[in-house]
K.L.:
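My questions will all concern the structure given below.
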2 protein chains.
Amino acid sequence: MKQRLAAIGTVETLPHRVAAFLSREIESGELNPGARLPTEQELSEKFGVSRNVVREAIAQLRADGMIEARQGIGAFVLAPEQRAAIRIDREALKDTHNMERLFELRCILEAESAALAAARRSQEHLGSIKAALDRMGGEERWEEGSIDADLLFHREIARATGNSYIHTFISFVCEQIRHSIHYARMTNPLHDLVEINVGEHVRIYDALVAGDPAAAEAAMRAHIIGAANRVGVKLPLSKAKGAK
Amino acid sequence: MKQRLAAIGTVETLPHRVAAFLSREIESGELNPGARLPTEQELSEKFGVSRNVVREAIAQLRADGMIEARQGIGAFVLAPEQRAAIRIDREALKDTHNMERLFELRCILEAESAALAAARRSQEHLGSIKAALDRMGGEERWEEGSIDADLLFHREIARATGNSYIHTFISFVCEQIRHSIHYARMTNPLHDLVEINVGEHVRIYDALVAGDPAAAEAAMRAHIIGAANRVGVKLPLSKAKGAK
DNA sequence: GTCATATATATCATCCTACAACTTACTTCG
DNA sequence: CGAAGTAAGTTGTAGGATGATATATATGAC
């Protein structure tokens with residue numbers, strides 16, 4: 001009877017659950033910055049787990065800069081500004097509004113990055129981007145493979161900017177969107193096939209080859225807006241300027 | 001002799017050090033994705049700490065999606081794409097090149113966000129942005145206060161986009177830059193006073209009031225390039241278009 | 001010999017206790 | 001009244017014990 005969804009190895013460990021609980025309590029504002037958390041012992045009693053489990057949970061929050069523990073005193077909630085990590089709540093992404101916001105962020109990041117990539121790409125970069133492009137169309141409709149190739153295409157463009165932070169941020173945002181779409185398809189098999197518009201990708205690639213930043217940016221912007229539409233998210237971007 | 005820098009309560013706990021070590025080993029490629037980590041016992045012996053400490057360290061890496069632990073088998077390094085969090089190594093930011101990259105990312109994020117903010121800002125938003133602006137100039141040269149106000153100014157603009165993810169990302173990047181500059185000043189007191197160009201901020205604010213996205217974007221871009229220059233980082237942005 | 005079952009082993013997951021280090025508050029004594 | 005010392009509470013670390021899970025080995029039936 002111990003059913004297990006096992007969403008790809010996410011075994012939902014005890015520390016993870018405790019951390020998620022506390023994290024939510026902080027995000028929601030029940031625990032304001034400066035507030036002191038209950039002691040480890042109180043938490044372990046409250047959740048019915050060992051103090052060890054509580055400590056592992058707190059270690060997470062601490063690493064993220066959400067709380068600060070001071071020996072002999074206790075643990076305190078830190079201000080949101082001093083977070084040491086960005087983490088996106090996947091539960092929240094089930095809300096279409098948040099999905100829309102994430103696509104908007106992605107658009108901002110990728111559009112300008114495409115312009116940078118067009119200006120800086122090397123031949124080696126173009127090669128790996130082309131390879132991803134080929135995989136995308138040639139994957140004979142094996143969905144996961146096409147999606148992987150799609151993501152790789154975007155990551156390789158981010159890499160071509162030569163800026164590792166841009167690469168990290170774009171990879172992260174894309175991956176969050178991928179997970180979110182994956183989940184949406186699990187629960188609602190309406191859109192059974194995620195269409196990938198190869199034409200849009202080719203236009204981006206051509207602009208990169210031509211080394212035309214403005215064209216690359218426009219093509220990327222159009223592509224992401226299109227991709228959002230295809231999964232049922234319409235972007236309210238102000239900047240659909242000079243399209244097509 | 002137990003000297004302590006005590007960078008604001010960062011007491012350098014044992015799990016933190018172990019996590020940092022493993023994290024570096026993964027980032028540097030010594031532990032490739034798919035590779036198996038040493039067992040918890042081996043690690044505890046290697047570092048001379050208890051297994052408890054090792055587990056807290058691993059809990060961190062797990063939460064970040066850097067490794068995956070499977071009961072009965074071991075812990076394995078995950079591919080960079082499946083990170084669940086973005087974290088920036090502050091050690092790496094001591095390198096000017098990385099600082100430059102971070103400013104470039106910030107420029108991309110904030111420029112377009114300023115355009116969005118200009119299109120969407122409410123009166124309430126303008127009020128809090130103005131408040132930050134006033135604090136910035138009026139802080140009678142108390143550095144930390146001015147810097148706080150500066151950051152608040154940028155955060156409030158990000159908030160005015162109405163997109164919480166944009167707010168989170170911009171806050172995060174700005175905070176990393178702040179820490180990095182703070183550190184640079186500690187070790188190298190050459191630039192003793194971080195100048196804040198109030199004029200640039202006013203131009204951004206005026207564009208927001210006017211509801212002019214293009215002007216807001218241009219002003220923000222010019223400001224960030226200027227800010228980077230003032231701390232000794234020159235941005236190689238391709239997009240200094242329509243400058244002024 | 002081959003396959004299925006049972007056992008042993010390795011590893012992570014959790015729990016428990018104990019002590020050290022640190023802070024705060026109280027008590028005691030001058 | 002003041003200062004030093006003491007006690008209690010809290011986090012940090014250590015170490016061992018047990019449960020859960022996966023792999024490898026051994027055993028036995030056919």
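A note on names: the letters A, B, ... follow the listed sequences, proteins ahead of strands, and every chain is numbered from 1.
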K.L.:
Please give, in whole Å, the distance from dC15(C) P to Glu56(A) CD?
P.N.:
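For the pair Glu56(A) CD and dC15(C) P, the rounded distance is 10 Å.
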K.L.:
To the nearest angstrom, how far is Glu68(A) atom CD from dT23(C) atom P?
P.N.:
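Those two atoms, CD and P, are 12 Å apart.
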K.L.:
Could you check whether any side-chain heavy atom of Arg155(A) comes within less than 4.5 Å of a side-chain heavy atom of Ile170(A), counting everything from C-beta outward?
P.N.:
no
K.L.:
What's the NE2-P distance between His16(A) and dA13(C), to the nearest Å?
P.N.:
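In whole Å, dA13(C) P lies 13 Å from His16(A) NE2.
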K.L.:
Applying side-chain contact (heavy atoms from CB on, under 4.5 Å), can you list everything that pairs with Glu45(B), at least two apart in sequence or on another chain?
P.N.:
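Per chain and number, Glu45(B) pairs via side-chain contact (heavy atoms from CB on, under 4.5 Å) with Gln41(B).
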K.L.:
Tell me the interatomic distance from Glu40(A), atom CD, to dG9(D), atom C1', rounded to whole angstroms.
P.N.:
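Taking atom C1' of dG9(D) as the reference, CD of Glu40(A) is at 12 Å.
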K.L.:
Taking the six-membered ring for Trp, are the ring centroids of His154(B) and His167(B) within less than 6.0 Å of each other?
P.N.:
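Here the rings of His167(B) and His154(B) have centres that are no less than 6.0 Å from each other.
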K.L.:
Hey, does the side-chain of Gln71(B) have a donor or acceptor N/O within less than 3.5 Å of a partner on the base of dA20(D)?
P.N.:
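Indeed, a donor on one side and an acceptor on the other fall under 3.5 Å apart.
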K.L.:
Looking at residues at least two apart in the chain, or sitting in another chain, which of them share a salt bridge (Lys or Arg N to Asp or Glu O under 4.0 Å) with Glu124(A)?
P.N.:
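Applying salt bridge (Lys or Arg N to Asp or Glu O under 4.0 Å) to Glu124(A) gives Arg159(A).
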K.L.:
Do the charged groups of Arg178(A) and Asp148(A) touch, with an N to O distance under 4.0 Å?
P.N.:
yes
K.L.:
Would you kindly give the CG-to-C1' distance between Leu61(B) and dC12(C), to the nearest whole Å?
P.N.:
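That distance rounds to 15 Å.
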K.L.:
I'd like to check the side chain to side chain donor-acceptor pair (under 3.5 Å) partners of Arg87(A); sequence neighbours left out, ordered by chain and number.
P.N.:
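Here the qualifying residues are Asp64(A), Asp64(B).
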K.L.:
Are the charged groups of Arg55(B) and Glu56(A) less than 4.0 angstrom apart, N to O?
P.N.:
yes
K.L.:
Report the residues that fulfil salt bridge (Lys or Arg N to Asp or Glu O under 4.0 Å) with Arg17(B), sequence neighbours left out, ordered by chain and then residue number.
P.N.:
none
K.L.:
Run the salt bridge (Lys or Arg N to Asp or Glu O under 4.0 Å) test against Lys46(A) and tell me which residues pass, sequence neighbours left out.
P.N.:
none
K.L.:
Would you tabulate the nitrogen or oxygen pairs shorter than 3.5 Å linking the protein to nucleotides 8-10 of chain C?
P.N.:
none

K.L.:
Mind calculating the distance between CZ (Arg55(A)) and P (dT14(C)) to the nearest angstrom?
P.N.:
16 Å
K.L.:
Is there a side-chain contact between Ile26(A) and Asn32(A), using heavy atoms and a 4.5 Å cut-off?
P.N.:
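Sidechains of Asn32(A) and Ile26(A): no contact.
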K.L.:
Please determine whether a side-chain nitrogen of the Lys or Arg among Arg83(B) and Glu175(A) lies less than 4.0 Å from a carboxylate oxygen of the Asp or Glu.
P.N.:
no
K.L.:
Within the 4.0 Å heavy-atom criterion, would you say Leu14(A) contacts the bases, only the backbone, or no part of the nucleic acid?
P.N.:
sugar-phosphate
K.L.:
What residues from residues 44-53 of chain B pass a heavy-atom cutoff of under 4.0 Å to DNA chain C?
P.N.:
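Per residue number, the list reads Arg51(B).
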K.L.:
Over the length of the helix from dG1(C)-dC30(D) to dG30(C)-dC1(D), how much do the five-pair end axes diverge, rounded to 10 degrees?
P.N.:
30°
K.L.:
Under the side chain to side chain donor-acceptor pair (under 3.5 Å) test, which residues partner Arg101(B), sequence neighbours left out?
P.N.:
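If we apply the side chain to side chain donor-acceptor pair (under 3.5 Å) test to Arg101(B), skipping adjacent residues, the hits are Asn98(B).
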K.L.:
In whole angstrom, what separates Glu12(B)'s CD from dT11(D)'s P?
P.N.:
20 Å
K.L.:
What nitrogen or oxygen pairs link the protein and nucleotides 5-7 of chain D at under 3.5 Å?
P.N.:
none

K.L.:
Suppose we screen for side chain to side chain donor-acceptor pair (under 3.5 Å). Which residues come up paired with Glu81(B), at least two apart in sequence or across chains?
P.N.:
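Once residues adjacent in sequence are excluded, Glu81(B) has no partner under the side chain to side chain donor-acceptor pair (under 3.5 Å) criterion.
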K.L.:
Tell me every residue that passes side chain to side chain donor-acceptor pair (under 3.5 Å) with Glu100(B), counting only those two or more places apart in sequence or in another chain.
P.N.:
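So Glu100(B) forms no side chain to side chain donor-acceptor pair (under 3.5 Å) with any residue.
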K.L.:
Provide, to the nearest angstrom, the distance between the CG atom belonging to Leu37(A) and the P atom belonging to dT10(D).
P.N.:
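Answer to the nearest Å: 13 Å.
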